[in-house]
Amino acid sequence: MRIDVLTLFPKMFEGFTSESLLGKAIDNKIVEINIINFRDYSTNKHHKVDDSPYGGGAGMVLSVEPVYNALISIDGYKKALKILVTPQGVTFSQEKAYELSNVEHIIILCGHYEGYDERIRDLFDLEISIGDYVLTGGEIAAMVLIDAITRLVPKVISKDESHLFDSFSNNLLEHPHYTRPSEFMGKKVPEVLISGNHKLIKEWRLKESIKRTKERRMDLYNKYRKESNDE
Ligand code: ADE
């Protein structure tokens with residue numbers, strides 16, 4: 001999988017692309033990430049990428065030209081899935097992450113300022129928001145997308161740490177986990193987990209997952225019931 005990111009703050013991606021699971025996936029050439037500073041594509045002598053809005057009003061608007069120039073400089077940009085991150089987009093989800101993990105080439109534009117020139121929107125296929133709050137810019141949103149998507153790409157996570165059991169993958173939150181010590185400040189690990197009985201452990205985990213989802217996320221629990229016909 002290849003992801004090109006158009007940003008005005010390339011340094012924000014340095015730690016993100018060199019550490020942890022993504023750093024390893026890049027080293028192992030399973031994922032390729034290119035960070036492109038689209039200010040370099042401004043034809044303005046001061047490298048300006050924004051301007052005041054037509055019709056007046058506060059704030060600045062991201063100009064279409066530098067974005068367009070940067071976009072067409074990317075090899076294979078026509079075929080790539082082009083995503084704009086914006087609070088006005090469709091809300092990101094685990095389901096969307098699965099869908100996008102099958103795409104070979106993705107381009108993500110991170111905006112700043114008050115907004116995008118509307119003609120930028122026409123250059124992109126999809127607008128995604130990571131939630132109902134406003135960030136200073138799209139970089140953190142792009143990182144959220146990249147993190148959630150790339151960990152689902154085959155071979156990024158080893159089979160024994162499979163994401164198939166992640167929260168949300170079956171509309172349930174994960175069950176509680178424990179590791180050594182078996183007792184901490186009087187709090188004991190549930191007996192069943194030490195029993196060695198795999199069938200009972202599986203049943204306990206499902207029961208706890210359902211209980212936790214029902215307590216914390218009624219919306220998800222209803223979806224689980226509907227999709228698993230667990231009336
Ligand atoms: N840019 C600013 N806020 C955002 C959000 N919530 N989602 C995606 N991009 C954004």
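Ligands are counted one by one from 1 in listed order, and the atoms in each one are counted from 1 as well. Bear in mind the structure is a predicted one, so any value in this text is a computation, not a measurement.
Scanning the protein for heavy atoms near atom 1 (N) of ligand 1, the closest one is P87 CD, 3.7 Å. When hydrogens are left out, the protein atom nearest atom 6 (N) of ligand 1 is Y133 O, 2.8 Å; that is the closest non-hydrogen contact. Protein heavy atom in closest approach to atom 9 (N) of ligand 1: T86 N, 3.2 Å.
Residue contact annotation: I128 has a non-hydrogen atom under 4.0 Å from ligand 1.
Under 4.0 Å from ligand 1, not a single heavy atom of D132 appears. The part of A141 lying near ligand 1 is the side chain, judged by heavy-atom distances below 4.0 Å.
When only interatomic distances are considered, the shortest N/O to N/O separation between L135 and ligand 1 falls below 3.5 Å. Any N or O atom pair closer than 3.5 Å counts here, and I130 shares at least one such pair with ligand 1. Where the criterion is an N or O separation shorter than 3.5 Å, residue side chain and backbone included, G131 meets it with respect to ligand 1.
Residues D51 and V61 are not in side-chain contact: their nearest non-hydrogen atoms beyond the backbone lie 4.5 Å or more apart.
Between the side chain of S209 and the backbone N or O of L206 there is no donor-acceptor pair closer than 3.5 Å. One N or O on the side chain of K82 and one on the backbone of K78 form a donor-acceptor pair closer than 3.5 Å. In this structure, N69 contributes its side chain and Y41 its backbone to a donor-acceptor pair below 3.5 Å.
There is no side-chain donor-acceptor pair under 3.5 Å between Y116 and T86. For the residue pair D40 / H47, no side-chain donor-acceptor distance below 3.5 Å is found, with atom types taken as modelled.
Centroid-to-centroid, the aromatic rings of Y77 and H105 stay 6.0 Å apart or farther.
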